[in-house]
2 protein chains.
Amino acid sequence: MAFAETFKALSDPVRRKIMELLKKETLSAGEIGSHFDMTGATISYHLSILKKAELITETRQKNYIYYSLNTSVVEEVMLWLSTLKGDN
Amino acid sequence: MAFAETFKALSDPVRRKIMELLKKETLSAGEIGSHFDMTGATISYHLSILKKAELITETRQKNYIYYSLNTSVVEEVMLWLSTLKGDN
DNA sequence: CTGCTATTTAGAAAAATTTCTAAATAATAT
DNA sequence: ATATTATTTAGAAATTTTTCTAAATAGCAG
């Protein structure tokens, strides 16, 4: 995991909101997009960044692409943060 | 605390390295700068962003300004991350 | 007060990010 | 095979971020 990518990915409010949506349930790209006032192309761009950071994973079904959280990377970020606090 | 500012602050590698330096000890702006190949003005810019995000605090002594970590904001970030994982 | 050191602020250039439109893929359905 | 729907890719414009140089501020020290 590359912290650079992970933190950059989480630094954008749209992407954090996507993470929160996916916390509740797996969603298709289109369903995610319906929560924002942006084109599908822009949502696709944000999804690609979360994917590169391995914060989400995708699975294809019919002609939909479903996205879900990958909590293990979230955990690694938390570990880095916890070392800042001195608990290690 | 504003997550936007906090995550943005942590999204830059220079600023994360500053956080790691300050994890060990309080340092002056100049001492922090000596770890990077950048002008003091640039370091000052990065410090200002960490300060706005309340990730660090400053105290003045003589004509030095010393910086230290503020771990309570680090903890709030960890809390947000933990809700993603579903532990709450 | 004058000079010296530490740091910040201002303004501009360079680089990276975000967003859009238009076109391309991919998969399904008729 | 053609049409339709879902999504991504490419390229460009707009915005934001990072960095620098030069100038300003702040606090000693002599």
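A, B, ... follow the sequence lines: proteins, then strands. Residue 1 opens every chain.
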**Prompt:** Think A:Lys8 has a side-chain N or O under 4.0 angstrom from the OP1 or OP2 of C:dT17?
**Reply:**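 So the side-chain polar atoms of A:Lys8 do come within 4.0 Å of the phosphate oxygens OP1 or OP2 of C:dT17, strictly under.
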
**Item:** Phosphate contact (C:dT19 OP1 or OP2) by A:Thr39 side-chain N/O below 4.0 Å
**Value:**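 It does not, given that no N or O in the side chain of A:Thr39 lies less than 4.0 Å from OP1 or OP2 of C:dT19.
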
**Prompt:** Checking B:Arg15 side chain against B:Leu10 main chain: does a donor-acceptor pair fall under 3.5 Å?
**Reply:**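 Checked: no pair found.
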
**Prompt:** For B:Glu31, does its backbone N or O pair with a side-chain atom of B:Ser28 as donor and acceptor, under 3.5 Å?
**Reply:**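 Answer holds: yes.
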
Which nucleotide, [options], lies nearest any side-chain atom of [X]?
X: B:Ser44; options: C:dT19, D:dC20, C:dT9; answer: C:dT9
X: A:Leu47; options: C:dT19, C:dT7, D:dT8; answer: D:dT8
X: A:Ala29; options: D:dT8, D:dT18, D:dT19; answer: D:dT8
X: A:Ser28; options: D:dA29, D:dT7, D:dT17; answer: D:dT7

Let me know the distance between [atom1] of [X] and [atom2] of [N], rounded to the nearest Å.
X: B:His46; N: D:dT16; atom1: NE2; atom2: P; result: 18 Å
X: A:Leu50; N: C:dT17; atom1: CG; atom2: C1'; result: 14 Å
X: B:Tyr45; N: D:dA22; atom1: OH; atom2: C1'; result: 19 Å
X: B:Met38; N: D:dC20; atom1: CE; atom2: C1'; result: 11 Å
X: B:Lys51; N: C:dT9; atom1: NZ; atom2: P; result: 7 Å
X: B:Ile65; N: D:dA26; atom1: CD1; atom2: C1'; result: 8 Å
X: B:Ile49; N: D:dT16; atom1: CD1; atom2: P; result: 14 Å
X: B:Lys52; N: C:dT9; atom1: NZ; atom2: P; result: 9 Å

For [X], answer base if it contacts any base atom (sugar-phosphate contacts may also be present), sugar-phosphate if it contacts only those atoms, and nothing otherwise; contact means non-hydrogen atoms under 4.0 Å.
X: B:Gly40; value: base
X: A:Tyr67; value: sugar-phosphate
X: B:Ala41; value: base

**Test side chain to side chain contact (heavy atoms under 4.5 Å, CB included) applied to A:Leu55 and A:Leu22, A:Ile18, A:Asn70, A:Leu50, the passing residue** =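 So, applying the side chain to side chain contact (heavy atoms under 4.5 Å, CB included) to A:Leu55 and each of A:Leu22, A:Ile18, A:Asn70, A:Leu50, only A:Leu50 qualifies.
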
**Request:** Select from A:Arg15 and A:Gln61 the residue whose nearest nucleotide in DNA chain C is closer to the 5' end of that strand.
**Result:**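 It is A:Arg15 whose nearest nucleotide is closer to the 5' end.
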
**Prompt:** If each of A:Arg60 and A:Thr42 is mapped to the nucleotide of DNA chain C with the nearest heavy atom, which maps nearer the 5' terminus, i.e. the 5' end?
**Reply:**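 On the 5' side of the pair lies A:Thr42.
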
**Asked** Among the clusters formed by ILVMFWY side chains lying less than 4.5 Å apart, do A:Tyr45 and A:Phe36 turn up in the same one?
**Response**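 Shared cluster, no.
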
**Asked** Same cluster or not: are A:Phe3 and B:Ile49 linked, directly or through other Ile, Leu, Val, Met, Phe, Trp or Tyr residues, by side-chain heavy atoms under 4.5 angstrom apart?
**Response**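 No, A:Phe3 and B:Ile49 fall in different hydrophobic clusters.
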
**Asked** Want to settle it: does B:Ser11 or A:Tyr66 sit nearer the 5' end of DNA chain D, counting the closest nucleotide to each?
**Response**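 It is A:Tyr66 whose nearest nucleotide is closer to the 5' end.
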
**Message:** Both B:Asn63 and A:Glu58 contact DNA chain D. Which one's nearest nucleotide lies toward the 5' end?
**Reply:**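 This one resolves to A:Glu58.
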
**Request:** For A:Lys51 and A:Ile56, work out which heavy atoms get closest and say how close.
**Result:**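 Residues A:Lys51 and A:Ile56, closest heavy atoms: N-CG1, 3.8 Å.
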
